[in-house]
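Below is one structure, written out as structure tokens; comments come after it.
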Amino acid sequence: QVQLVESGGGLVQAGGSLRLSCADSGRSVSTYAMGWFRQAPGKEREFVAAISWNSGRTDYADPVKGRFTISRDNAKNTVYLQMNSLKPEDTAVYYCAKDRYVYRGYLSPTAREYDYWGQGTQVTVSS
């Protein structure tokens, strides 16, 4: 099965940067779109960014546009989320996930369209 493991989270001051990594230690995800989601305490899980299987398309939630960059290295079976200019509002547990389908023609922002999830990594941005 697909086994996704996130890393790179931690505590950072406002304005700082972090790079999250998500590696698949099981089945290869190289032919699937991948997404990043986040969930803050008391809030619903929300879409952050997604990337197509060949990196030809990317999509970002409005609050992170211009600050976050999603990328992937299929040879390493890894997806990344570079987070710059971090704000306290970015504090959340960040999850990576695999799209259910090899190809759907678009990048889905809906959590239920993703079938494998990592355990999450905590990102805390202090003032």
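Each residue takes its place number in the sequence, starting with 1. This structure is a prediction, so every number in the text was calculated from the model and none was measured.
- Under the 3.5 Å distance criterion, the side-chain polar atoms of N77 are matched with a main-chain donor or acceptor of V29.
- Cation-pi check for R72 over W53 is not met; the charged atom does not lie both under 6.0 angstrom from the ring centroid and within 45 degrees of its normal.
- E6 places a side-chain N or O within 3.5 Å of a backbone atom of C96 that can act as its donor or acceptor partner.
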Kindly determine whether Y114 and M34 satisfy side chain to side chain contact (heavy atoms under 4.5 Å, CB included), including the steps that lead there. CA-CA 8 Å; Y114 295 78; M34 298 288 292; 6.0 Å; no
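- Checking side-chain atoms of T121 against main-chain N and O of G9 turns up a donor-acceptor pair under 3.5 Å.
- The shortest non-hydrogen separation linking L107 to I51 is CD2-C, 3.7 Å.
- Counting only residues at least two apart or on different chains, the salt bridge (charged side-chain N to carboxylate O under 4.0 Å, His left out) pairs with a member in residues 73-94 are R38-D90, R67-D90.
- Remark: side-chain polar atoms of S108 are paired, donor with acceptor, to backbone N or O of T110 under 3.5 angstrom.
- Not one N or O on the side chain of R57 forms a donor-acceptor pair closer than 3.5 Å with the backbone of A50.
- Under a hydrophobic-cluster definition in which Ile, Leu, Val, Met, Phe, Trp and Tyr are linked whenever side-chain heavy atoms come within less than 4.5 Å, directly or via other members, V79 and L4 are assigned to the same cluster.
- Using cut-offs of 30° and 60° for the angle between ring planes, the F47 and F37 rings count as perpendicular.
- Hydrophobic clustering, defined by side-chain heavy atoms of Ile, Leu, Val, Met, Phe, Trp and Tyr closer than 4.5 Å, groups Y32 together with V102.
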Run the numbers on V123 and L20 for side chain to side chain contact (heavy atoms under 4.5 Å, CB included), then give the verdict. CA-CA 9 Å; V123 172; L20 307 183; 4.1 Å; yes
Applying side chain to side chain contact (heavy atoms under 4.5 Å, CB included) to I70 and Y80, what does each step give before you reach the verdict? CA-CA 6 Å; I70 188 170; Y80 306 94; over 6 Å; no
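- Side-chain atoms of N84 do not come within 3.5 Å of backbone N or O of G16 as any donor-acceptor pair.
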The test is side chain to side chain contact (heavy atoms under 4.5 Å, CB included); show your working for Q39 and E46 and say whether it passes. CA-CA 6 Å; Q39 187 167 22; E46 65 176 352; over 6 Å; no
